[in-house]
> 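Structure in structure tokens, see below.
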Amino acid sequence: MAGTLRRLANSEKCRVLQDKLDDWYKDYHINSCDSNLNVCCELLELNSKIQGQLFQILSVTAREGGQYAGVETLKCRFLPWLGTCFSTSSSGSFSENSFGILNESMDRKLSPSHERELNGVESKLSSTRIELNSVRQELLETQMDLEDTKNKSANTLLATEDEILQLRAELRAAKEKLELRSLDSMEDYERQIRLLKDEISILSAETGILKSRVARSRSPSPIRHSSRASSPFIRSESPTSAKLTNASRQAHLISRFNDIFASDRLDAQTMLRRYIEDLEMVQRIIFIATVESFHAAKMAFRQFRLRVRKSLSPSHMGPESLEDAIIDYIVRNLDLYDVQSSVNEVISAMNVNPKISFPPDVDFILISGFIREMCRVAFSMQTLDPPLDIAFTVDGELFTESKYRRTYDSEHTAPLVYYHVWPALMENDDVIVKGEAVTKRGALWSSVRSRSRSASPLRSRSASPGRNLTSRSRSPSPRRSGTPRF
């Protein structure tokens, strides 16, 4: 069908028919009667060919439409057109009657079958509607079941998540307890090992001293020289090695001091914030721990130096001074420093410090790693020439730009220090590394009120009288290079 219609559309018959009709219209009054009749007959022949193809397309189209498709169109347009084409003007009433009878007969023939088909379609439609209603009902029931399943699954998932969170919290607490226990045990072992090493070195020194005395009593000059070489406290061939490495050790210790401020301090602050919400109190705790670490390290350095002096003074001989020999021995044997004792002293001092208030369940052993590292750095700084120390601080002091930096939350127009976050590192009276402080208007009055609150019975932890006397009976250290004691 589509091919026939395409051929008809592409054929030149229609165009030729139109062209000839135009030419005939122009030459009609010029042509003779025979010429006009010939042209008319030729046009009728072309028209009949085109009509034949159109009738063929009409037949195929009606056949494709089915039994009842196109009936109304044929009745309303095609049959009346056929009647007007094959009838004359005199027989118009006859053709109308005949076509009316033909239409009625076709209606009578088509109506019974059409009604049967219509009834069948309506019955199928009703059954289809019934099935559709049943499917809708099943769909609603399925959706309700699905919603119930979703709700149950959501409740189960929430319960499972709660259990998982609880198990994670328990696991984290167990890990923290295990780490604390292992840390305590390791610290105890290290302390015992260091004590044993210290005792062995002292015994060896005493043995060397006794041997040197015996040797001097027998042969003063040569034996004395050999006893000096065998003594474990006498340096070999490099009497000024501590002085030669003073600059490099100073640079390394300053770098380590800055690393502690940038990394270890923040780790300790994060750990304390889990138990103490007040950031100011956390920063005060870390600052006091730093100050107490320097104080404990300086006390331990003085005691260690006295022990070494006592051991070296009987057998010391050489071009270098006794003090240089002592410092050189300490530099070579920094691992003999009992850092755990200093850590315990720092924690004891912090427990009775009136500026600190904290919950009862908080133990400063949480930041023992920070305190230990700070004690080691402070102890090593005492071996420098001149030694490094931290600046003397007091709340409410005048802020100094050359010594401190303000924190981001400070009042930049305030002239007084509200509290210190990190101490300044000093070499004699020169600032090597700036500290950090919080400035605030009314800092002096605020510090007085904070001291009065801390001294009140509301402090979370208090020390016994004996403990307080023990921790505060530290002998005052002499001022080193003009730096006050902490």
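Only heavy atoms go into these numbers, but all of them, side chains included; no hydrogens, no water, no symmetry mates.
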> Would Glu280 and Tyr418 satisfy side chain to side chain donor-acceptor pair (under 3.5 Å), going step by step from the backbone distance to the final call?
CA-CA 10 Å; Glu280 175 186 342; Tyr418 180 46; 3.1 Å; yes
> Under a 4.0 Å N-O cut-off, is there an ion pair linking Glu323 with Arg305?
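Yes, charged N to carboxylate O under 4.0 Å.
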> Flag the pair Ile327 / Asp385 as yes when at least one side-chain heavy-atom distance between them is below 4.5 Å, and no otherwise.
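Not in contact.
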> Do Ile367 and Gln269 come within less than 4.5 Å of each other through their side chains, counting heavy atoms only?
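Ile367 vs Gln269: side chains apart.
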> Looking at Leu272, Ile286, Val343, which hits side chain to side chain contact (heavy atoms under 4.5 Å, CB included) with Phe370?
Ile286
> Got Ile260 and Met374 here, is their nearest side-chain heavy-atom distance under 4.5 Å?
yes
> Locate the shortest heavy-atom distance separating Thr383 from Val331; write the atom from each residue and the value.
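Thr383 and Val331 have their closest heavy atoms at CB-CG2, 3.9 Å.
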> Shortest non-hydrogen contact from Val346 to Ala296?
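Distance-wise, the nearest heavy atoms are CG2-CB, 3.8 Å.
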> Flag the pair Ser342 / Tyr337 as yes when at least one side-chain heavy-atom distance between them is below 4.5 Å, and no otherwise.
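Ser342 reaches Tyr337 side chain to side chain.
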> Using side chain to side chain contact (heavy atoms under 4.5 Å, CB included), reason through Glu436 and Tyr404 one step at a time and then give a plain yes or no.
CA-CA 5 Å; Glu436 191 168 310; Tyr404 297 106; 5.9 Å; no
> Charged N to carboxylate O under 4.0 angstrom, Lys175 versus Glu179?
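No salt bridge links Lys175 with Glu179.
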> Can you find a pair of side-chain heavy atoms, one from Leu388 and one from Ile254, that are under 4.5 Å apart?
yes
> What's the spacing between Phe379 CZ and Asp338 CG if we round to 0.5 Å?
10.0 Å
> Measure across Gln283 and Tyr419 and return the closest heavy-atom pair with its distance rounded to 0.1 Å.
OE1-OH, 2.6 Å
> Do Thr290 and Glu292 pass the side chain to side chain contact (heavy atoms under 4.5 Å, CB included) test, and can you show the C-alpha distance, the side-chain angles, and the key distance before you say yes or no?
CA-CA 6 Å; Thr290 304; Glu292 293 293 342; over 6 Å; no
> Any side-chain heavy-atom pair from Arg249 and Ser380 closer than 4.5 angstrom?
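Result no, sub-4.5 Å side-chain heavy-atom pair not found.
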> What pairs of residues pass the salt bridge (Lys or Arg N to Asp or Glu O under 4.0 Å) test when at least one of them lies in residues 368-377, not counting sequence neighbours?
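Sorted result for residues 368-377: Glu187-Arg372, Arg256-Glu373.
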> When you compare the side chains of Gln340 and Asn344, does any donor N or O come within less than 3.5 Å of an acceptor on the partner?
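Present: a donor and an acceptor within the cut-off.
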> Quick one: do Lys440 and Asp409 satisfy salt bridge (charged side-chain N to carboxylate O under 4.0 Å, His left out)? Show the steps, please.
CA-CA 9 Å; Lys440 184 178 179 182; Asp409 55 345; over 6 Å; no
> I need the Arg273 CZ to Leu279 CG distance, nearest 0.5 Å.
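Answer rounded to 0.5 Å: 5.0 Å.
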> Between Glu401 and Arg406, is the closest basic N to carboxylate O distance under 4.0 Å?
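Salt bridge present between Arg406 and Glu401.
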> Please test Glu176 against Arg274 for salt bridge (charged side-chain N to carboxylate O under 4.0 Å, His left out), starting from the C-alpha separation and ending with a verdict.
CA-CA 13 Å; Glu176 290 179 356; Arg274 299 178 183 175; 3.3 Å; yes
> Distance from Leu125 atom CG to Ile130 atom CD1, nearest 0.5 Å?
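Rounded to the nearest 0.5 Å, the CG-CD1 separation comes out at 10.0 Å.
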